[in-house]
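Throughout, protein chains are lettered first and strands after them, A, B, ... in sequence-line order, and every chain is numbered starting at 1. Values reported hereafter were calculated over all heavy atoms of this structure, with side chains retained and with hydrogens, waters and symmetry mates removed.
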Amino acid sequence: MKKTVDVSIPLGPVHPIFKEPCRVKCETFGERVLSAEVELGYMKKGIERIMVGRPWQEVMFLAERVCGICSVIHNFVFIETMEKISDISVPPRAGYLRVLANELDRIQSHLIANFSYCYTIEHETLGMYLLNIRERAMDLLELLTGARVTCAYIVPGGVRFDPDGEDLEKIMTEIDKLETETRRYMHIFESGPLIGLRSRGIGVITSEQVKLIHAVGPTARASGVSEDMRSGHPVYKELGFSPVVRSEGDNFARVMIRFQEVLQSIEMIRHIVKTLPSGLIRGGGTVGRGHTTYSGEAPRGELKYRIKSDTHGRIQEISIQTPSIMNIEACARYMIPGVTSIADVTSTYISSDPCIACTER
Amino acid sequence: MNLSSVFAYIRNMARADWIKTFLFAKTAPLTTPGYFREYPYLTGKECTHCFQCMMVCPAPGAIEVVMTDKPGVWNPVIHIGHCIRCGLCVEICPELVIDSGRVHKKNATSGTYMQFQFHITVNPATCMGCGICSVACPVNKEIDPQLASKGTSTTDEVIMRVYKGINTVFHEEKCTGCKTCEEQCPNRSVMVARVLEPLQIPEGQ
């Protein structure tokens, strides 16, 4: 039998460019990757089991701690699931403020994902620039909610704190600075010749393959699949949201689509601050019994919660489906095989923005 | 290497804000902003030891209301290593004993507050009528001292007691949600639900 595999190269679980532990096993011929496999299971927390039997005010904080980067969306989707179970309506002002917090969180998550990619292709300067402007989004999140990461901003029937005129003014001025800087770094990324050599045409996944393996989020939208859970959300509909789609499907497109979504989020935040309705921020209502499934759009794709609660709103069963698991599989199955060097394996893997903490919970 | 890239490089370097940052680099002093939701601290107001902060706390053992050296004075103690700075204890405290960041200020301006309800459920299939829960309950002991000393009670004023061979709840509204009964129950048939409702006073009231 002819030997086709030269050597099987493992990357990780501890690797300088991986934010979280995960092993990518590549079978190579020379440096060309023939097939890849991703091995998970290094940081299982069992957080869904801890949630069982607890009321919303405890599960809310556990849900935020599923993922350290996209914590607001976990709070958002969990609380909206509980609201759907117990028919709690949200005042319009609270709905807008929720979206404001969520979009700020999306900005910082996309910026750290792009930092991670730039760091992987050894463009550390651009990476550090992006981390620098991410601080602006984090500061705004802190101004709005009181904390940078685990904000605990969204509660059943509304939000916790109401920003006054001064806060909204500060958000507007800071978001303007954020936009000029993002446009500048986006231009650097777009026009950099060496960045193009490392990114364009590498790790290509077609829209048929995306549909086959159910990839979600920016990974799917970069291949021309217009799929965004925000399109069905009532507040986003009011804001006139339409997903950003690119057609290339390579590393470059996946990073560029995140830049474009940052700009889209900035535009949305501006729209929210200008048209913020006045009124109450909490409508009241106790959480009750029910069983339902609800999904929202996390920065990485579709996030789905299935919850069963008892008469007094305690969680009886919960299961969380996070976006990264599909994206990691898409990465191992379609993106990595065929890349021409081992250096492209890591950058392709990082371009799909895998979040292991979400995946293993 | 062509001329246009040289020009692009020079144009990038000759930006006013870049030169300003390069020549007069200044780092802002590291200060905690006033809106940061820090660990709760005592404001000096009198604590009525209603224990609501302990009941709402999502982190086990992060806040405790304890007796101080002075007679009759109770105060909450926050254990820094356990506290997750969620600020729920600050929001629920009716006497404004603790504060953190802008939580009080925001609550005062927008009239937001939180309200607790406690519900006790007894599973009749597993309750064997041992009465440990009703003897352990600290509120029961206050209402009926006989229950604390002898372990039997005949009054219906207590939260719950064993009636006709099964634990029966009489006054759910007196429950303070401490979950002592739930912890003491040998076969988990008593469950206390802490139902929290975030509310806001409508404008103009």
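Both the backbone and the side chain of A/D164 come within contact range of chain B, each with at least one heavy atom under 4.5 Å from a heavy atom of that chain. At a 4.5 Å heavy-atom cutoff, B/T109 makes no contact with chain A through either its backbone or its side chain. Contact of B/Q115 with chain A is not made at all, since no heavy-atom distance falls under 4.5 Å. Of the atoms belonging to B/F118, not a single heavy atom falls under 4.5 Å from chain A. Interface remark: B/P33 contributes side-chain atoms only to the contact with chain A (heavy atom separation under 4.5 Å). Residue contact with chain A, scored on non-hydrogen atoms closer than 4.5 Å, involves the side chain of B/S110 exclusively. With a threshold of 4.5 angstrom between heavy atoms, B/R194 approaches chain A through its backbone and through its side chain.
At a heavy-atom cut-off of under 4.5 Å, chain B is reached by no residue from residues 81-105 of chain A. Proximity to chain A among residues 73-88 of chain B is limited to B/I84, B/C86, B/G87, B/L88, judged by heavy-atom separations below 4.5 angstrom. Interface with chain B: from residues 175-189 of chain A, residues A/R184 qualify, criterion being any non-hydrogen pair under 4.5 Å.
In this structure, B/N140 contributes its side chain and B/M160 its backbone to a donor-acceptor pair below 3.5 Å. Using a distance-only test at 3.5 Å, with no hydrogens or angles considered, no donor-acceptor pair links the side chain of A/K308 to the main chain of A/I315.
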Show the atom names and distances, to 0.1 Å, of all donor-acceptor pairs under 3.5 Å that link a side chain in residues 70-79 of chain A to residues at least two apart or in another chain.
residue, atom, partner, partner atom, Å
A/S71, OG, A/V149, O, 2.5
A/H74, ND1, A/Y305, OH, 3.0
A/N75, ND2, A/E64, OE2, 3.4

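Relative to the six-membered ring of A/F252, A/R200 meets both conditions, a distance below 6.0 Å and an angle of at most 45° to the axis.
In this structure, B/F7 has its ring center no closer than 6.0 Å to that of B/Y9.
When each of B/H119, B/Q117, B/M191 is checked for a side chain to side chain contact (heavy atoms under 4.5 Å, CB included) with A/H312, only B/H119 meets the rule.
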